[in-house]
Amino acid sequence: GTKPWKRFDMKADYYDYPSLDLSEKKYTLRFRTENGNGKINLKMSLDNQNGVATRKEYEQEAGSFEQGTGMLMRIPELYPILSKGRFIPRVSMAFSRYEKKVEFKDSIFSVSVDIGWLGREDYPFCELEAEFKEGNRSDTDEFCQVLSQQFGLEPEPQGKYSRALKVCSR
């Protein structure tokens with residue numbers, strides 16, 4: 001049977017050092033609330049080809065940005081990255097996410113539709129995102145091609161964070 005879509009109301013704030021050290025390394029540090037529950041997240045980009053990003057992620061539930069960064073700094077490999085000084089806010093966004101798990105071949109993907117604003121409340125966006133969860137990672141390209149052909153979608157090589165930064169620099 002078809003499982004229903006789950007809704008998450010999200011607000012995300014992104015941070016960096018004043019030197020933009022994280023951005024230069026293609027890392028993003030985010031505090032996000034999902035239906036009121038806080039999470040801190042550090043994403044470390046490894047690759048991005050044709051709108052398919054590969055990255056390493058660390059995520060912890062946290063009541064605030066400060067609590068979350070303290071928790072991430074307890075992970076030995078993250079301490080040198082996150083202990084260089086104070087962080088400054090870079091950009092924010094808010095959106096509703098409609099998400100469901102989808103089986104494709106030998107894999108499970110999380111498919112979500114995000115609707116909200118990026119960077120400024122007068123800059124709306126709507127996007128479909130597919131994230132590999134488990135199974136055979138080689139199914140990812142074919143799954144994305146099927147979505148693209150079935151719905152007339154084009155890959156977006158930049159993430160929400162990069163697009164929001166561009167909006168705010170205008």
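One finds a salt bridge joining R7 and D9 here, because a Lys/Arg side-chain nitrogen approaches an Asp/Glu carboxylate oxygen to under 4.0 Å.
For Y14, the ring pair (Phe, Tyr, Trp, His ring centres under 6.0 Å) criterion is met by Y161, not counting sequence neighbours. The salt bridge (Lys or Arg N to Asp or Glu O under 4.0 Å) test applied to K6 returns no partner, not counting sequence neighbours. Applying the ring pair (Phe, Tyr, Trp, His ring centres under 6.0 Å) rule to Y17 yields the partners F87; only residues at least two apart in sequence or on another chain are considered. With sequence neighbours left out, F104 forms a ring pair (Phe, Tyr, Trp, His ring centres under 6.0 Å) with F143.
For the 3.5 Å distance criterion, the side chains of D21 and S19 fail to qualify, holding no donor opposite an acceptor. Judged purely by distance below 3.5 Å, without hydrogens or angles, the side chains of S92 and D13 pair a donor atom with an acceptor atom. Checking E57 against N41 by side-chain atom types alone, a donor-acceptor pair falls below 3.5 Å. R90 and S23 share a side-chain donor-acceptor pair at under 3.5 Å.
Residues V102 and L147 share a single hydrophobic cluster, defined by chaining ILVMFWY side chains whose heavy atoms lie under 4.5 Å apart. Linking Ile, Leu, Val, Met, Phe, Trp and Tyr whenever their side-chain heavy atoms come within less than 4.5 Å puts I81 and Y79 in one cluster.
Taken to the nearest 0.5 Å, the CG atom of D16 stands 10.0 Å off from the NZ atom of K25. Distance check: L29 CG to L82 CG gives 6.0 Å after rounding to the nearest 0.5 Å. Atom CG of residue D106 and atom CG of residue D139 lie 6.0 Å apart, to the nearest 0.5 angstrom. Of the inter-residue distances, the one linking C168 atom SG with R163 atom CZ reads 13.0 Å to the nearest 0.5 angstrom. Here D141 contributes atom CG and F132 contributes atom CZ; the two are 11.5 Å apart, rounded to the nearest 0.5 Å. For the atom pair CD of E99 and OG of S110, the computed distance is 3.5 Å after rounding to the nearest 0.5 Å.
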Check the pair E59 / K39 against salt bridge (charged side-chain N to carboxylate O under 4.0 Å, His left out), numbers first and verdict last.
-> CA-CA 7 Å; E59 186 172 83; K39 290 184 180 181; 3.8 Å; yes
Start with the C-alpha gap between E131 and F109, add the side-chain angles, then the distance that decides, and say whether side chain to side chain contact (heavy atoms under 4.5 Å, CB included) holds.
-> CA-CA 5 Å; E131 183 177 349; F109 294 86; over 6 Å; no
Under the salt bridge (charged side-chain N to carboxylate O under 4.0 Å, His left out) criterion, do E103 and K101 qualify, and how do the steps go?
-> CA-CA 7 Å; E103 294 179 21; K101 301 285 188 244; over 6 Å; no
Evaluate side chain to side chain donor-acceptor pair (under 3.5 Å) for N136 paired with S107, printing each intermediate quantity in order.
-> CA-CA 6 Å; N136 187 348; S107 300; 5.7 Å; no
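Side-chain atoms of S148 come within 3.5 Å of backbone N or O of L153 as a donor-acceptor pair. The closest donor-acceptor contact from the side chain of R30 to the backbone of L42 lies at 3.5 Å or more, if one exists at all. Checked by atom type and distance alone, the side chain of S169 pairs as donor or acceptor with a backbone atom of K166 at under 3.5 Å. Not one N or O on the side chain of D114 forms a donor-acceptor pair closer than 3.5 Å with the backbone of R97.
Clustering of Ile, Leu, Val, Met, Phe, Trp and Tyr side chains at separations under 4.5 Å leaves I108 isolated, with no partner residue.
Checked against the 6.0 Å centroid criterion, the rings of Y15 and F65 qualify as a close aromatic pair.
Relative to the ring axis of F95, K160 places its NZ or CZ within 45° and under 6.0 Å from the centre.
Among residue pairs with one or both ends in residues 64-76, none qualify as side-chain hydrogen bond (donor to acceptor under 3.5 Å, both in side chains); sequence neighbours excluded.
Residue-environment remark: NZ (K11) exceeds the threshold of 12 foreign heavy atoms within 6.0 Å. Open room surrounds NZ on K56; 12 or fewer heavy atoms of other groups in view lie less than 6.0 Å from it.
Pairing each heavy atom of A164 with each of V91, the nearest pair is CB-CG2, 3.5 Å.
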